[in-house]
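Taking it in order: structure first as structure tokens, then the write-up.
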Amino acid sequence: MAPPPIPDTAIYWLRNDLRFHDNETLTRALEAHDRVLLVYIVNPRELRELPQLGFRKMGVHRAAFLLAALKDFRRQAKALGTDVAIIVPSPSDRGNTEGFIAGKIKELVASLSARAVYTQREIMTEELEDERAVEEALGSEDVPLIRVWGKSLYHPEELPFPAAEIPEPFREFRRAVEKQAIREEFEPPKALPPIDGFAYPATPTLTDLGYENNAAPAYPGGERAGLDRLRYYLEESHLVQRYRSTRNRSLGPDYSTKFSPYLALGCLSPRRIHTAIKAYQSTHKKGAGNNVLFEMRWRDYFLCLGVKYGSRLFRPGGFKERKHEWVKAPDLFQRWVEGRTGLPFVDAHMRELQQTGFMSNRGRVNCSSFLTRDYKIDWRWGAAWFENRLLDYEVCANWFNWHTQALEIYYTSAPWQGLKYDKRGEYVKTWLPELQNLPAPLLHAPWKMAEEGMLDGSDFDLKRDYYHPGIENSKWDWAWTRLKTGDSSSPKRKRKKTTPR
Ligand code: FAD
């Protein structure tokens with residue numbers, strides 16, 4: 001009797017695409033092959049400590065969020081009839097940033113006689129290096145690496161320009177794309193053929209990845225949590241209708257969508273968000289959620305800038321090659337990291353980031369501006385710390401936003417923004433309990449209160465209980481006059497150039 005035919009097998013190398021809904025890569029692999037092995041390989045590069053900075057690229061919160069997403073993906077894969085191979089570099093493999101992934105994929109291809117490897121296409125330097133290494137390793141086996149696009153709202157083929165020739169600034173991009181059609185979603189698979197006899201390793205723990213502490217990320221990880229959040233923000237709470245007026249706040253989970261952590265790992269497809277918003281508009285309120293889609297175009301814009309500028313982004317002067325002398329001051333950097341700068345609106349956000357892995361957009365703008373414009377510290381240090389911390393870390397979104405704050409737009413004054421966006425001091429008091437008894441909005445400049453004798457006779461001692469900024473900025477003096485009157489109205493237009501944002 002002839003032996004049973006060897007099934008035509010493909011490997012799906014998962015990266016930032018941990019979802020079954022709207023997954024073109026998986027759809028194409030399943031259409032072309034009898035069975036598909038799902039593989040996630042933890043990248044040793046993410047576990048490496050950055051030489052000058054002494055912390056890993058991926059911090060513990062982000063790692064915990066990733067593991068939660070993998071657990072969820074694996075549970076769903078099992079319900080569909082298969083499983084996910086999650087491969088972890090051993091401590092001795094962690095230095096092998098060049099060849100670990102390629103070597104593992106090559107082994108899997110050989111052991112399953114796989115005919116092709118599929119992956120979601122990435123954009124930036126290190127991710128492309130990984131792809132090149134895999135391609136090289138597969139070259140000798142004559143197996144193709146098939147890269148499929150899946151990260152953005154607009155498919156690059158639908159853009160009215162090649163991604164590498166994207167118009168700038170954002171306004172031009174937005175005008176060019178906002179009338180473009182957005183592709184239909186791909187259906188999730190109903191079942192997945194098993195890979196019989198394959199020995200799937202156990203899902204790793206944080207300890208397996210070399211993290212000593214546990215972490216409780218601000219949001220639950222995984223595709224199902226992402227879809228739940230989408231449902232909650234639209235159909236259940238109708239928060240989407242208030243997004244425009246709340247999006248600049250910082251306190252609690254509901255002032256903005258919190259889609260970003262799920263988008264970053266691909267647990268939520270941008271097209272699914274678009275579909276859900278359009279459905280909401282037709283059943284509830286015309287136009288609701290258009291501002292969310294507006295912000296999501298920023299995400300696409302930065303992805304396209306990534307294609308355009310590639311590794312030029314990471315230069316000290318960025319892709320614009322600005323001439324800039326950055327200060328290398330590890331002590332000040334550490335004060336910023338730990339939320340000890342003496343500027344409450346910065347410190348509260350930095351402590352939230354440190355403890356939860358999340359920070360509002362308002363916080364990110366203020367903290368990045370402070371580090372680069374007040375401390376004048378290399379923007380790439382700050383971007384690296386955000387990379388370590390943020391649950392929603394995405395290479396283009398993070399590094400291009402940092403680039404914008406450090407090298408492109410104007411200064412953001414933290415005491416002024418504290419007055420504007422946290423007038424009652426509720427956010428600051430949540431993360432800086434030591435300021436609990438200071439009056440708002442004055443608490444946004446405690447050193448000014450001390451200078452003017454406002455703390456005399458109180459229990460609060462600036463040096464003992466909090467910090468003095470140790471630096472000066474005339475824009476803070478202007479903010480102080482406003483903090484004293486409580487007037488948070490924006491300065492008149494003609495004064496805009498000389499007054500802080
Ligand atoms: P919402 O306000 O609800 O916005 C909806 C979606 O629009 C977001 O989920 C996000 O996908 C997109 N979006 C909104 N603003 C931006 C923006 N400025 N740039 C790109 N996309 C945007 N966003 C990330 O996703 N990953 C990052 O690593 C990241 N790093 C940042 C670093 C700095 C210094 C700054 C200033 C911003 C950064 N952002 C980053 C952008 C923005 O702060 C976050 O997308 C947003 O705070 C996420 O919360 P949300 O999902 O509730 O956003």
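Atoms within each ligand, like the ligands themselves, are counted from 1 in listed order.
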May I ask you to identify the nearest protein heavy atom to atom 26 (N) of ligand 1, giving residue, atom name and distance to one decimal place in Å?
-> D392 O, 2.8 Å
For the pair K448 and D477, find out whether any cationic side-chain nitrogen is under 4.0 Å from an anionic carboxylate oxygen.
-> yes
By side-chain hydrogen bond (donor to acceptor under 3.5 Å, both in side chains), E24 pairs with (sequence neighbours left out) none
Have a look at ligand 1 and work out which part of N398, if any, has a heavy atom under 4.0 Å from it: side chain, backbone, both or neither.
-> both
Yes or no on side-chain contact (heavy atoms from CB on, under 4.5 Å) for L66 and M58, after CA distance, side-chain angles and deciding distance?
-> CA-CA 10 Å; L66 168 67; M58 177 165 68; 4.1 Å; yes
Identify the closest protein heavy atom to atom 48 (C) of ligand 1: which residue and atom is it, and at what distance?
-> S260 OG, 3.1 Å
Between Y154 and R297: side-chain donor-acceptor atoms closer than 3.5 Å | yes
Mark the output for Y243 as yes if a heavy-atom distance to ligand 1 is under 4.0 Å, and as no if none is.
-> yes
The closest protein heavy-atom partner of atom 22 (C) of ligand 1 is E295 O, 3.7 Å
Residues two or more places apart in sequence or in another chain: which of them pass ring pair (Phe, Tyr, Trp, His ring centres under 6.0 Å) with Y243?
-> none
Say whether F358 and ligand 1 are in contact under the criterion: heavy-atom distance to a ligand atom below 4.0 Å.
-> yes
W402 neighbourhood, listing ligand 1 atoms whose heavy-atom distance to it stays under 4.0 Å | 32 (C), 34 (C)
Are the charged groups of R272 and D22 less than 4.0 angstrom apart, N to O?
-> no
the protein heavy atom lying closest to atom 5 (C) of ligand 1 turns out to be T257 OG1, 3.7 Å
Under 3.5 Å, is there a donor-acceptor pair between the E434 and Y467 side chains?
-> no
With a cut-off of 4.0 Å, which atoms of ligand 1 are near a heavy atom of L263?
-> 9 (O), 11 (O)
Protein contact of atom 24 (C) of ligand 1 - nearest heavy atom, named by residue and atom, plus distance = A397 CB, 3.5 Å
Residues D208 and R94 bridged, charged N to O under 4.0 Å = no
Indicate yes or no: does R45 engage D130 in a salt bridge with an N to O separation below 4.0 Å.
-> yes
So for L390 against ligand 1, with non-hydrogen atoms under 4.0 Å, the contacting part is side chain
Residue Y393 vicinity, atoms of ligand 1 by number, heavy atom under 4.0 Å = 28 (O)
Check the side chains of S250 and S360 for a donor-acceptor pair under 3.5 angstrom, ignoring hydrogens and angles.
-> yes
Proximity of F302 to ligand 1 by residue part, where a heavy atom lies under 4.0 Å | side chain
Ligand 1 and S256, any nitrogen or oxygen pair closer than 3.5 angstrom?
-> yes
Among non-hydrogen protein atoms, atom 40 (C) of ligand 1 lies closest to R364 NH1, 3.2 Å
Nearest-contact summary for atom 43 (O) of ligand 1 - protein heavy atom, Å | N361 OD1, 2.7 Å
Ligand-side contact atoms (ligand 1) for residue partner K258, heavy atom cut-off under 4.0 Å = 50 (P), 51 (O), 52 (O)
Using distance alone, determine whether F386 and ligand 1 share an N or O pair under 3.5 Å.
-> no
Atom 19 (N) of ligand 1 has as its nearest protein heavy atom N401 ND2, 3.0 Å
Looking only at non-hydrogen atoms, the one of M296, R229, R297 nearest atom 6 (C) of ligand 1 is M296
Enumerate the atoms of ligand 1 whose separation from the nearest heavy atom of R299 is less than 4.0 angstrom.
-> 11 (O), 20 (C), 21 (N)
Is E394 salt-bridged to R299, going by a charged N under 4.0 Å from an acidic O?
-> no
State whether E122 and K151 are salt-bridged, where the test is any N-O pair (Lys NZ or Arg NE/NH1/NH2 against Asp/Glu carboxylate O) under 4.0 Å.
-> yes
Closest heavy-atom contact between R56 and N388?
-> O-ND2, 2.6 Å
